[in-house]
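Working notes, beginning with the structure itself.
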Amino acid sequence: MELRRLLHVVLSFWLLLCIGCSDGRFVVEKNSLTVASPEKIKGTYDSAIGNFGIPQYGGSMAGTVVYPKDNQKGCKAFDEFDCFFALKVWNVQKAGASAVLVADDIEEALITMDTPEEDSSSSKYIENITIPSALIQKSFGEALKKAISGADMVNVNLDWRESVPHPDDRVEYELWTNSNDECGVKCDMLMEFVKDFKGAAQILEKGGYTQFTPHYITWYCPQAFTISKQCKSQCINHGRYCAPDPEQDFSSGYEGKDVVIENLRQLCVFKVANESNKSWLWWDYVTDFQIRCPMKEKKYNKECADAVIKSLGLDSKKIENCMGDPNADADNPVLKEEQDAQVGKGSRGDVTILPTLVVNNRQYRGKLAKGAVLKAICSGFEETTEPAVCLSGVVQLMVQFLFETRVMVSSSIADVETNECLDNNGGCWQDKAANLTACKDTFRGRVCECPLVDGLQFKGDGYSHCEASGPGRCNINNGGCWHKSQDGHTYTACVDTGDVKCQCPPGFRGDGINNCEDIDECKEKKACQCPECSCKDTWGSYECTCSGDLLYIRDHDTCISKSGTDVKSAWAAVWVILIGLAMASGGAYLVYKYRLRSYMDSEIRAIMAQYMPLDSQSEVPNHVSEDRA
């Protein structure tokens, strides 16, 4: 038996069995169904509230029962084959019905019609079922069908006014939930509900109208299997508290024990917040953790959780002490209390379905939608003690039909909206000096998004960090960098361009963000070091003077004379040098010219001597002429 229970829990997260109770039972939540006519079946009957759609808690609905000639099982859009309860209701809703009665096909005690195992096809229509449904016993269903087939008009009244006890002026309700965000469609639906309902829950809690308690289901590993790989990866405290592997893969990703630890942390967040009379901070932590620390981004860990806790101003040491040691071979008081609470007591049955909402010790049935849940809570107040939010025309519209219910959903915004940014800035980033915040109030609560200011987009996670990025960043609070004004001068460490965003200006040193200290150039001998110089440090700079009649040149860190005589002498020396250079150049040119001319003359004379006698040579006798004579 224990092995079968273990395997069942591993394979199906949502249909968890009660732990440690042999006499546990599932309580079917009912509503009253009264037949007004015909006379032969007139009377009051029980019907089981469907765990989908939107039951009209606190209200009633009257109408005429219709039993179609075709498609009587409702398995097709108006087969003969059986189908899920939810699909039947969806098809009938599309046909225009305001409510659905489903007759059991076997004679048995009433059961709860639950949603089918999650898959992509069923999730599409389950989310859109907005009418109430109820299961009736086979015998009663046969009586209704017989009356209708006999041409009788069957008028019935569905009544949910006593489905939730309403003893006093405060409603106690609890939500059995889970921190695992990778368990499919139902996880997504649960997280959407928590985000949607957070604002209403917090305003009811702050006003003292309700007392909310979160709960988390755990299961235990049988003693014979505590040393197995599966139990070690899914359990803490030596198999006492376990959760299924998120990916159903023991070789990779997160493990079941990671989920148990985070569930434990969320329980302790509630306990610590409740001790400081701020129990509503649980809603902030859960929604922020889901946004900032998702499994798919590999951020589902202690570091990310600690950052969320810090942003909400909670005492992390108290939370750690509350959690205890997950490796201890001993009971954990917090989780042991949760396991005990899973067992049904009084009129409340065992908690076997996740998520489960319990209002005044009665399990809520139907879709976890903000308007529907708010209606169920409001029906739990003693008459005349309801808070104003429950007495608005908006909430009263919920007792009406489908199209009016839609009006309720869109109109309820004004009644339950609360500005969460007013309390601790919503746990978001803020720059008090520049009056900037990443907190944006919404109907569903608040979001933390870095702001856009004067066309300049801030970037960051919105919770602990936002910084201006791009040209113009220095115009807004000096880009978050150091800046200071003194002695008529203003300096800033903000740099508008390049990769460096905060850099201390010349004359200062520091991190550029929180601090830039003045550098004493004189003491550190960084300037004014020439022999004739005299140095005096000033804020952000220095003053350097020269002895006598000398002038200080900062760029060259030197002193030069500034008198007129010296200037003239300097110019005279320059002219003498220039004239000397000119004369040397002229002499060199004359020597060059003389030597070149002498060389050319000798070359020309040598060439001409080959063709004619020169004056310096004696005449050569002409022997040819003499022979002829």
### Query
Below 4.0 angstrom, N of the basic side chain to O of the carboxylate: do R170 and E172 qualify?
yes
### Task
Using modelled atom types only, decide if a donor and an acceptor are shared between the side chain of Q339 and the backbone of E337 within a distance under 3.5 Å.
no
#### Entry: Beyond-backbone contact of L335 with V260, side-chain heavy atoms, under 4.5 angstrom
yes
### Message
As a test of understanding, state which of N301, V259, D258 forms a side chain to side chain contact (heavy atoms under 4.5 Å, CB included) with M295.
### Response
V259
### Task
Taking the two cysteines C466 and C450, decide whether their SG atoms are closer than 2.5 angstrom.
yes
### Task
Tell me, with the steps shown, if E127 and E192 meet side chain to side chain contact (heavy atoms under 4.5 Å, CB included).
CA-CA 12 Å; E127 181 68 19; E192 282 300 309; over 6 Å; no
### Query
Is the C421 SG less than 2.5 Å from the C428 SG?
no
## Note on the structure
Looking only at heavy atoms, the pair that brings D423 and W280 closest together is OD2-NE1, 4.0 Å
### Query
What distance do W176 atom CH2 and N178 atom CG have between them, rounded to the nearest 0.5 Å?
12.0 Å
### Query
Side chains of T287 and D284: is there a donor and an acceptor less than 3.5 Å apart?
no
### Message
Looking at C559 and C530, is the distance between their SG atoms under 2.5 Å?
### Response
no
### Query
How far apart are the C-alpha atoms of Y241 and W219, what are their side-chain angles, what is the distance that settles it, and do they pass the ring pair (Phe, Tyr, Trp, His ring centres under 6.0 Å) test?
CA-CA 6 Å; Y241 315 104; W219 53 277; over 10 Å; no
### Query
Hey, does the side chain of Q234 reach the backbone of C242 with a donor-acceptor pair shorter than 3.5 angstrom?
no
### Query
Between N360 and V171, is there a donor-acceptor pair closer than 3.5 Å when you use the side chain of the first and the backbone of the second?
no
### Query
Tell me, do L436 and Q430 make a side-chain contact under 4.5 Å, heavy atoms counted?
no
### Query
Does the distance from a Lys or Arg side-chain N to an Asp or Glu carboxylate O, for D340 and K336, drop under 4.0 Å?
yes
#### Entry: Value rounded to 0.5 Å, distance of CG in L312 from NZ in K278
10.5 Å
### Query
Does P451 reach the side chain of W429, with side-chain heavy atoms less than 4.5 Å apart?
yes
### Message
Within a 6.0 Å radius of atom CD on Q457, are there more than 12 heavy atoms belonging to other residues, nucleotides or ligands?
### Response
yes
#### Entry: Heavy-atom side-chain contact between L357 and E174 under 4.5 Å
no
### Message
Please check if the number of heavy atoms outside D454 that lie under 6.0 Å from its CG is greater than 12.
### Response
no
#### Entry: Side-chain ion pair, R265 and E262, N-O less than 4.0 Å
yes
### Task
Check the angle between the aromatic planes of Y173 and F197 and answer parallel, tilted or perpendicular using the 30° and 60° thresholds.
perpendicular
### N/O donor-acceptor pair under 3.5 Å between N237 side chain and D325 backbone
yes
### Message
Has N180 got a side-chain atom pairing as donor or acceptor with E182's backbone, closer than 3.5 angstrom?
### Response
yes
### Task
State whether the side chain of N424 and the backbone N or O of G426 hold a donor-acceptor pair below 3.5 Å, judged by distance alone.
no
### Query
To the nearest 0.5 Å, what is the distance between SG (C504) and CG (D511)?
6.5 Å
### Close side-chain approach of I377 to V373, heavy-atom, < 4.5 Å
yes
### Contact check, side chains of C516 and K484, non-hydrogen atoms, under 4.5 Å
no
### Query
What is the distance from atom CG of D181 to atom CD of Q290, rounded to the nearest 0.5 Å?
6.5 Å
### Message
Can you tell me how the ring of Y491 sits relative to the ring of H489, calling it parallel under 30°, perpendicular over 60° and tilted otherwise?
### Response
tilted
#### Entry: Any donor-acceptor N or O pair under 3.5 Å, side chains E247, S252
no
### Any donor-acceptor N or O pair under 3.5 Å, side chains E382, H166
no
#### Entry: Flag, side chain of D518 to backbone of G540, donor-acceptor distance under 3.5 Å
yes
### Query
When you check the gap from the basic side-chain N to the acidic O, do E449 and K440 get nearer than 4.0 Å?
yes
### Task
Give a yes or no on whether Y209 atom OH has more than 12 heavy-atom contacts from other residues, nucleotides or ligands under 6.0 Å away.
no
### Message
Do the side chains of E255 and K232 get close enough for a salt bridge, i.e. N-O under 4.0 angstrom?
### Response
no
### Query
About how many Å separate CD of Q266 and CG of N263, when rounded to the nearest 0.5 Å?
6.0 Å
### Query
Using 4.0 Å as the upper bound for N to carboxylate O, is an ion pair formed by D329 and R240?
yes
### Message
When you measure from the side chain of Y254 to the backbone of K257, do you find a donor-acceptor pair of N or O atoms at a distance under 3.5 Å?
### Response
no
### Query
Could you go step by step and tell me if W539 and F508 meet the ring pair (Phe, Tyr, Trp, His ring centres under 6.0 Å) rule?
CA-CA 9 Å; W539 187 71; F508 295 88; 5.3 Å; yes
### Task
Compute whether any side-chain donor of one residue and acceptor of the other, for Y552 and T558, lie under 3.5 angstrom apart.
no
### Task
Look up atom CD in E275 and atom CG in D315, then write down how far apart they are to the nearest 0.5 Å.
9.5 Å
### Query
Hey, what do you get for C533 versus C544: SG atoms under 2.5 Å apart or not?
no
### Query
Would a 4.5 Å heavy-atom cut-off, applied to side chains only, mark R292 and S311 as touching?
yes
### Any residue meeting side chain to side chain donor-acceptor pair (under 3.5 Å) with E205, in chain and number order, not counting sequence neighbours
T210, S279
### Task
Examine distances only and state if a side-chain atom of N478 and a backbone atom of C481 form a donor-acceptor pair shorter than 3.5 Å.
no
### Task
Taking side chain to side chain donor-acceptor pair (under 3.5 Å) as the test, write out the residues that go with D288, two or more places apart.
R446
#### Entry: W282 and Y216 aromatic ring geometry - parallel, tilted or perpendicular at 30°/60° bounds
perpendicular
